[in-house]
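Only a predicted model underlies this, so the values are computations on that prediction, with no experimental measurement involved. Heads up: numbering here begins at 1 and tracks the sequence.
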Amino acid sequence: MDQPPYTPLPPAWADRLLRLVCPAEFQEELLGDLYEQFQEQVIQLGEPTARRLYVWKAIRFCRPYFFRRRLSYQTAHTPIYHVPSSLNFSMVRNYLKIAFRNLIKNKLFSAINVFGLALGMSCSLIIGLWVNDELSFNRFFKNLDQLYMIRLTGGATAWEQTPSPLTEALKAEIPAVDKAVKLTWKNNFLIKVGTKAGKEEGYYASDDLFDVFQLPALQGNPAVAIKNPNNIVITRSVAQKYFGTTDVVGQVLQLNNTKQYVVGAVIEDVPLHSSIQFNWVVNFKVQQESWMHWGNNSFIVYVKLKPHATQAQAEAAMKPLLARHTDDKYTYPILQPLKDVYLYGEYVNGKPAGGRIDYIKVYVLVALFILLIACVNFMNLATARSATRAKEVGVRKVVGAPRSALVGQFMGEAFLVSILAAGIALLLAWLIIPVINEAFQKQLRINFAEPVLWVSFAALVGLTTLVAGSYPAFFLSAMKPVRVLKAGTAGIIESAKSKVGVFRKTLVVFQFSLSILLIIGMLVVGRQMNYIQTKHLGLDRENILYVPVEGNLSLKMEAFRQELLRSKGISAVTTTGELPIHIGSTASGQLIWPGKDPKYNETIWNMMVGHDFIKTMNVKLLAGRDFQKTTDSSNYIINESAAKMMGLQDPVGQPVTYKFGKGQIIGLMKDFHMSSLHDPIQPLIFMFKPEWTNFLLIKTRSGQMAEAIRYIEQTTHRFNLNYPFDYHFLDKEYGKLYRSEQLVNTLVNYFGLLAVVISCLGLFGLAAFMAERRSKEIGVRKVLGASVTSVVTLLSTDFLKLVLIAILIASPLAWYAMDQWLQNFAYKVAIEWWMFVLAGLLAVGIALLTVSFQSLKAALVNPVRSLRSE
């Protein structure tokens, strides 16, 4: 019997090793290949060499990769094929490489995406720095949660002016109060040290100032020094300016050219993010006077509560405080946390209702709008160009790419664009911030060494990547490979008409709706600001300047006033205790007139004036006369609101009793605005006290302001030699009342323009793509006789329809937003129909110009170029 032919076989133990290591799904293919190679090597190299090579190959397959795959197989008991992670280093590098190639390949669309995102991100970054700066006020104080400012309320609002004895009453009668300090209004006094002199701002404050506000000391103990009426506490900058060093405790300086004080302590300069700003402080006792009683609200009070006391407990204990000491049964103190003082300046029914926090919310909202508009550009262009990526996606899926890998690829592209845009945004913000700081007196800065900056930067990049790249990534990765490869680009385009096309149009409408909303905001805010600046306030503010009354001027006031009237450039001069736009004194329950209800507790604002106030300020006198003689010191002039409050139809001649005793009303003046247009006009009473004056108001003749100022300066030096000449314009003080509104106006204009630019970038990119996609259609139309105008109209119509829809959506939203903003003003403009028409025309015009450029360019292309075959 013939023996079967000998067939060489590899070592059996090597086969067993491979079957042990190799996953089941690989064994058949792997062993088959190795057996074929073994048989060939037996013929070529001989059996011993072939067996050695087989063993070497078997050992080489003993890798950790196969062990992990084997373990997974054994755990599941079924053959499983695990796709390598799409987030490993090699795959991420591949995503970024392909993304970079796509950016280079499509330069126009890449530039639009990167630049649009950079604008949006730089805007967000700057606003973020601004908001952080606004929110940082007062946050540096120790024991911040225990610090509060006292406000008085008794009706619709709450005010910060309080009576002088309130501080002592709080400490003595309210168990929850640990410390309390009262401050006068800020004073700008002359400081002299030897031959050095200059104006510095400061306060008179009670003993507990540095127990409530614990500021770092450089020399001495400020908490002890402030308790001595002969001491003055100064800041580092004052010490260095006048003494050349901070080691000045025990040195002497002269304040307001009247009294010398010993420097008791030197503290660090008060941070700019503090609600109280001063360069010097002196004990309140040195200027305590008899009129500082319960009936006069002229001081600011802050308290520090005990560690375990709550705001609610303290307010409950304080509620009957004023009723115990006065006849006022309706007004009571409330607490405002120090951390909220800067942000919340408006109160309604005793509760914080708004202030600068409203503008911060607007800034944040605008920043999100701008960033969202920029992200919409990316999404729009990515989905619009989906047809050009369709075959790529189809091929990748056919060769086994899972959806997660495709999502990773497209998110990688979005990440690369976001990183490039963020870098440009950081550079733009760094260049723009110095301009913003100079224009708005801020101290914004980008600190590259601060970890918070890079965390915020990373969050901004991540957010932009997620928002801008998510929809394109999930949309493109969801394409069916069979349909893509079978139907081709045309099939994807047809599909886009029903889904992607609708989504893309929705994004355009959304984008332009935000832009139109900002345009309408620009118009309404701008018109309100113009109304504020041009509205007649009931008194003159043009050609009026004021001079602080200092030193010897108060002793020679009437002679000084008469000397100023000798100038041909000066038409009138008066004196006043307060500027007519900063009337800070109120009194409750002190005005008595015939027929007054004994239970009625009125609040009336009061102002001490001198000769010719009515004439100088051009206040309209409706009845009666102005103050004229010294006997008028017990007479009064009231405004229309006061007469209405008193229920008097003809108040002139009526006897009244007020702060300075019994007298009569000698004049009725027309209401004038004594604060910003945010607030309604309040009842006001004038008292004739030429000797109690803080300011000199001087009205110059038109065109003679410079001559008048020179004469005032010369006359001031003759009457008040030891004081530098200091003057200010009243209209600028009015302007300061609306600093926040002016800021909002400027920022809304800038942001509105930025939103329009970014939207137009996206529209430009879409128009360019649509023109490119329809190039053959345009060529056919031109060959058949279509004119350039008809082609431009064809390409522009679809976009203009979207803008018109955006106008319809944005208009009611804009009306509601602007109406809410205008509610902050007691006197405001009306929102009129023409604003919406103008905003719509601007949006249509801008969109038409943007689209028509690409449409005209496409229409002028020679049809031969677009129709010739590749």
*Please determine if K304 forms a cation-pi arrangement with Y148, meaning its NZ or CZ atom is less than 6.0 Å from the six-membered ring centre and no more than 45° off the ring axis.*
no
*Can you tell if the side chain of K828 reaches within under 4.5 Å of the side chain of Q823, non-hydrogen atoms only?*
yes
*Are L335 and V303 side-chain neighbours, meaning at least one heavy-atom pair lies under 4.5 Å?*
yes
*Under the criterion side chain to side chain contact (heavy atoms under 4.5 Å, CB included), which of L305, V212, N138 is the partner of L147?*
V212
*Qualifying salt bridge (Lys or Arg N to Asp or Glu O under 4.0 Å) pairs with a residue from residues 272-282, counting only residues at least two apart or across chains*: none
_Under 3.5 Å: donor-acceptor pair, side chain of N639, backbone of P683_ = no
_For M617 against L730, the heavy-atom pair lying closest together_ = CE-CD2, 3.6 Å
*Can you check whether N694's main-chain N or O pairs, donor with acceptor, with E578's side chain at less than 3.5 Å?*
no
*Considering the options E201, E200, R236, which one meets the side chain to side chain donor-acceptor pair (under 3.5 Å) requirement together with N279?*
E200
*Which distance, rounded to the nearest 0.5 Å, do you find between the CG of L322 and the CH2 of W294?*
5.5 Å
_Using side-chain heavy atoms (C-beta onward) and a distance below 4.5 Å, is T162 in contact with I300?_
no
_Nearest 0.5 Å, please: how far is OG1 in T616 from CG in L697?_
7.5 Å
*asked:* Please check: side-chain N/O of Q146 versus main-chain N/O of N143, any donor-acceptor pairing under 3.5 Å?
replied: no
*In Å and rounded to the nearest 0.5 Å, what is the CH2 to CD distance from W605 to Q682?*
6.5 Å
_Minimum heavy-atom separation for P229 and N283, please, with both atom names._
CA-CB, 3.9 Å
*Could you please spell out the steps behind the ring pair (Phe, Tyr, Trp, His ring centres under 6.0 Å) verdict for F284 and Y204?*
CA-CA 5 Å; F284 185 88; Y204 291 102; 7.6 Å; no
*Would you call K186 and N188 a side-chain contact if the rule is heavy atoms closer than 4.5 Å?*
no
*By ring-ring contact (aromatic ring centres under 6.0 Å, His included), which residues pair with F278, not counting sequence neighbours?*
none
*Ignoring hydrogens and angles, tell me if any N or O in the side chain of Q260 forms a donor-acceptor pair with the backbone of L253 under 3.5 Å.*
no
*Do you know which two heavy atoms are closest between I226 and S206, and how far apart they sit?*
CG1-O, 4.0 Å
*Taking only Lys NZ, Arg NE, NH1 and NH2, and the carboxylate oxygens of Asp or Glu, determine whether K615 and D626 approach each other closer than 4.0 Å.*
no
*Do R625 and D632 meet the salt-bridge criterion of a basic N to acidic O distance under 4.0 Å?*
yes
_Check against ring pair (Phe, Tyr, Trp, His ring centres under 6.0 Å), Y261 and W280_ = CA-CA 11 Å; Y261 291 92; W280 58 266; 8.2 Å; no
*How long is the span from the CG atom in D145 to the OG1 atom in T310, to the nearest 0.5 Å?*
12.5 Å
_L338 and Y302, any side-chain heavy atoms less than 4.5 Å apart_ = yes
*Take Y330 and Y332, measure what ring pair (Phe, Tyr, Trp, His ring centres under 6.0 Å) needs, and give me the verdict at the end.*
CA-CA 7 Å; Y330 305 98; Y332 55 91; over 10 Å; no
_Evaluate S237 against D269 for side chain to side chain donor-acceptor pair (under 3.5 Å), listing each step before the verdict._
CA-CA 7 Å; S237 59; D269 289 340; 3.1 Å; yes
*Expected output: side-chain T657 to main-chain I592 donor-acceptor under 3.5 Å*: no
_Mutual orientation of the aromatic rings belonging to F613 and F672 [parallel < 30°, tilted 30-60°, perpendicular > 60°]_ = tilted
*Donor-acceptor pair, side chain of N606 and main chain of F686, under 3.5 angstrom*: no
*Check side-chain contact (heavy atoms from CB on, under 4.5 Å) between S633 and all other residues, then give those that pass, not counting sequence neighbours.*
K689
_Donor-acceptor check, side chain of N228 to backbone of N230, threshold 3.5 angstrom: yes or no?_
yes
*Salt bridge present between K179 and D207 (N-O < 4.0 angstrom)*: no
*Does the E315 side chain pair with the main chain of K319, one donor and one acceptor, at a distance under 3.5 Å?*
no
*Do other residues, nucleotides or ligands put more than 12 heavy atoms under 6.0 Å from K259 NZ?*
yes
*Mind checking whether F213 and F141 have parallel, tilted or perpendicular rings, split at 30° and 60°?*
tilted
*Check the pair K171, D208 against salt bridge (charged side-chain N to carboxylate O under 4.0 Å, His left out), reporting the backbone distance first and the verdict last.*
CA-CA 11 Å; K171 291 193 290 184; D208 290 342; 3.1 Å; yes
*To the nearest 0.5 angstrom, please state how far the CG atom of N720 sits from the CG atom of L553.*
4.0 Å
*Check for a donor-acceptor pair, side chain of T693 on one end and backbone N or O of T575 on the other, with a separation under 3.5 Å.*
no
*Taking atom CD of Q820 as the centre, report whether more than 12 heavy atoms of other residues, nucleotides or ligands fall under 6.0 Å from it.*
yes
*Counting N and O atoms only, with roles assigned by atom type, does the side chain of K182 sit under 3.5 Å from a partner on the main chain of S164, one being a donor and the other an acceptor?*
yes
*Go through L166 and L321 one step at a time and tell me if the side-chain contact (heavy atoms from CB on, under 4.5 Å) criterion holds.*
CA-CA 9 Å; L166 178 64; L321 186 62; 3.5 Å; yes
*Ring centers of Y342, H273 separated by less than 6.0 Å*: no
*Do D671 and H673 pass the side chain to side chain donor-acceptor pair (under 3.5 Å) test, and can you show the C-alpha distance, the side-chain angles, and the key distance before you say yes or no?*
CA-CA 7 Å; D671 282 344; H673 292 275; over 6 Å; no
_I'd like to know if K199 pairs up with E550 as an ion pair, taking the criterion as any Lys NZ or Arg NE/NH1/NH2 lying under 4.0 Å from an Asp or Glu carboxylate oxygen._
yes
*Measure the shortest side-chain to side-chain distance between P594 and P655 over non-hydrogen atoms and say whether it is less than 4.5 angstrom.*
yes
*asked:* To the closest 0.5 Å, what do you measure between CD (Q214) and CG (D211)?
replied: 7.5 Å
